[in-house]
Amino acid sequence: MNRKALKDFLDAKVLQYNNPQFIATDPIQIPHRFELKEAIEIASFLTATIAWGNRKMIIKNAERMMQLLDNSPYDFIMNHEESDLDKLDGFVHRTFNSDDLKFFIRSLKNIYLNHGGMESIFKNNMTNTSTQPAIHEFKNIFFSLEHATRTQKHVGDPNKGSACKRLNMMLRWLGRNDNSGVDFGLWKSIPPAILSCPLDVHSGNVARKLGLLKRKQNDAKALDELDKNLRKLDPLDPVKYDFALFGLGVFEGF
């Protein structure tokens, strides 16, 4: 396919998958249950954090997390006592366990109390062309409290070669808004043009088949290559193509 044919093909797939019907089968349904800005972004972050593996199990365990936070994640995080965290005991999603979740609650409280919230960290550390430096700094701040070393693996770092699929997915959810009803567009301070595609096994394999990605590993270098090619197709909203790549891979077995 030449570039025009490829763009037309992918644009059609974006229209097919970037609509409210997509929400019912996707983890983004969890933050869609909230109205308060801070609750939406916290639900987005926690849901994205466990977004690997079986999608039904991701949604089930994200629902469980919200129940444990009294279905008011921002209020729980800001007002909880240490003893309130005892009820999180026993929570587990693959390698993410209750000790990890307890630290995430404490760290998020610190971020909202002392760093102006999550959006502020990303806004203050992004560049004109990338959110990846902001992801790196977010991880530094997130783990500035005392923590178990094992918990660090649940937040990616592009400076260590990670494609940061989960945080880039959260940033897509919160940063882009095309009025389709799927992504929120809550974070007006982050231009969609600098967002990065959530790169995983599905989107990576489809991108390779379409000639958008040559690198074999799904890492930070591959993400940079994919971003450059998607921005050639749409400089203002490149990560809309996540819907196309993901839909082709997961729903169509492309």
Counting C-beta onward and ignoring hydrogens, is there a side-chain heavy-atom pair between [X] and [Y] closer than 4.5 Å?
X      : Y      : result
Asn124 : Glu137 : no
Thr151 : Phe143 : yes
Asp237 : Arg176 : yes
Pro27  : Arg55  : yes
Gln152 : Asp157 : no
Leu171 : Ile135 : yes
Tyr112 : Glu38  : yes
Met126 : Pro133 : no

Heavy-atom count around [X] [atom1] within 6.0 Å, excluding the residue itself: above 12?
X      : atom1 : result
Gln67  : CD    : yes
Asn114 : CG    : yes
Gln217 : CD    : yes

[X] versus [Y], closest heavy-atom pair with distance:
X      : Y      : result
Arg172 : Asp242 : NH1-OD2, 2.7 Å
Ala193 : Pro235 : CB-O, 3.3 Å
Met118 : Leu108 : SD-CD2, 4.0 Å
Met169 : Pro198 : CA-CG, 3.5 Å
Ile58  : Gly53  : CD1-O, 3.7 Å
Ser189 : Lys123 : CB-CD, 3.5 Å

Any salt bridge linking [X] with [Y]? Criterion: basic side-chain nitrogen under 4.0 Å from a carboxylate oxygen.
X      : Y      : result
Lys240 : Asp11  : yes
Lys188 : Glu119 : no
Asp99  : Arg150 : no

Has [X] got a side-chain atom pairing as donor or acceptor with [Y]'s backbone, closer than 3.5 angstrom?
X      : Y      : answer
Asp75  : Ser72  : no
Ser107 : Phe104 : no
Lys209 : Phe254 : yes
Lys7   : Asp234 : no
Asp183 : Gly185 : no
Asn18  : Val14  : no

Measure up the [X] and [Y] rings against each other and bin them: parallel (under 30°), tilted (30 to 60°), perpendicular (over 60°).
X      : Y      : answer
Phe76  : His80  : parallel
Phe103 : His147 : tilted
Trp187 : Phe122 : tilted
Phe22  : Phe246 : perpendicular
His93  : Trp52  : perpendicular

Given the rule in the salt bridge (charged side-chain N to carboxylate O under 4.0 Å, His left out) test, do Lys87 and Asp70 qualify, once you have shown the distances and angles that lead to the verdict? CA-CA 11 Å; Lys87 68 176 182 176; Asp70 300 330; 2.6 Å; yes

Quick one: [atom1] on [X] to [atom2] on [Y], what's the gap to the nearest 0.5 Å?
X      : Y      : atom1 : atom2 : value
Trp173 : Glu41  : CH2   : CD    : 13.5 Å
Thr47  : Arg33  : OG1   : CZ    : 8.5 Å
Ile141 : His136 : CD1   : NE2   : 10.0 Å
Leu101 : His154 : CG    : NE2   : 10.5 Å
Leu245 : Leu199 : CG    : CG    : 9.0 Å
Lys13  : Phe251 : NZ    : CZ    : 12.0 Å

Show which side-chain atoms of residues 219-231 pair as donor or acceptor with protein atoms under 3.5 Å away, not counting sequence neighbours.
from: Asp219; atom 1: OD1; to: Arg215; atom 2: NE; distance (Å): 2.8
from: Asp219; atom 1: OD1; to: Lys221; atom 2: N; distance (Å): 3.3
from: Asp219; atom 1: OD1; to: Ala222; atom 2: N; distance (Å): 3.0
from: Asp219; atom 1: OD2; to: Arg215; atom 2: NE; distance (Å): 3.1
from: Asp219; atom 1: OD2; to: Arg215; atom 2: NH2; distance (Å): 2.8
from: Asp224; atom 1: OD2; to: Lys228; atom 2: NZ; distance (Å): 3.1
from: Glu225; atom 1: OE1; to: Arg215; atom 2: N; distance (Å): 3.3
from: Glu225; atom 1: OE2; to: Lys214; atom 2: N; distance (Å): 2.5
from: Asp227; atom 1: OD1; to: Cys197; atom 2: N; distance (Å): 3.1
from: Asp227; atom 1: OD2; to: Ser196; atom 2: OG; distance (Å): 2.6
from: Asn229; atom 1: ND2; to: Leu212; atom 2: O; distance (Å): 2.8
from: Asn229; atom 1: ND2; to: Glu225; atom 2: O; distance (Å): 3.4
from: Arg231; atom 1: NH1; to: Thr129; atom 2: O; distance (Å): 3.2
from: Arg231; atom 1: NH2; to: Ile194; atom 2: O; distance (Å): 3.2
from: Arg231; atom 1: NH2; to: Leu195; atom 2: O; distance (Å): 3.1

Sort and list the pairs that fulfil ring pair (Phe, Tyr, Trp, His ring centres under 6.0 Å) and have at least one residue in residues 203-238, not counting sequence neighbours. none

Dump the intermediate steps for ring-ring contact (aromatic ring centres under 6.0 Å, His included) on Tyr241 and Tyr17, then the final yes or no. CA-CA 10 Å; Tyr241 293 114; Tyr17 292 111; over 10 Å; no

Answer yes if the side chains of Ser144 and Asn140 hold a donor-acceptor pair under 3.5 Å, and no otherwise. no

Distance-only side-chain donor-acceptor flag, Ser180 / Asn19, under 3.5 Å: no

Under the side chain to side chain contact (heavy atoms under 4.5 Å, CB included) rule, what do Ile50 and Met65 come out as? Steps first, then yes or no, please. CA-CA 10 Å; Ile50 65 165; Met65 271 197 291; 3.6 Å; yes

How about Phe184 and Phe34: are their ring centres within less than 6.0 Å of each other? no

Step by step, would you call Ile111 with Phe142 a side chain to side chain contact (heavy atoms under 4.5 Å, CB included)? CA-CA 7 Å; Ile111 282 171; Phe142 193 78; 3.7 Å; yes

Taking only residues at least two apart or on different chains, which pairs with a member in residues 160-171 satisfy side-chain hydrogen bond (donor to acceptor under 3.5 Å, both in side chains)? Gln132-Asn168

The residue among Leu213, Leu248, Leu10 that forms side-chain contact (heavy atoms from CB on, under 4.5 Å) with Val206 is Leu248

List the steps and the verdict of side chain to side chain contact (heavy atoms under 4.5 Å, CB included) for Ile30 and Leu46. CA-CA 10 Å; Ile30 303 299; Leu46 292 176; over 6 Å; no

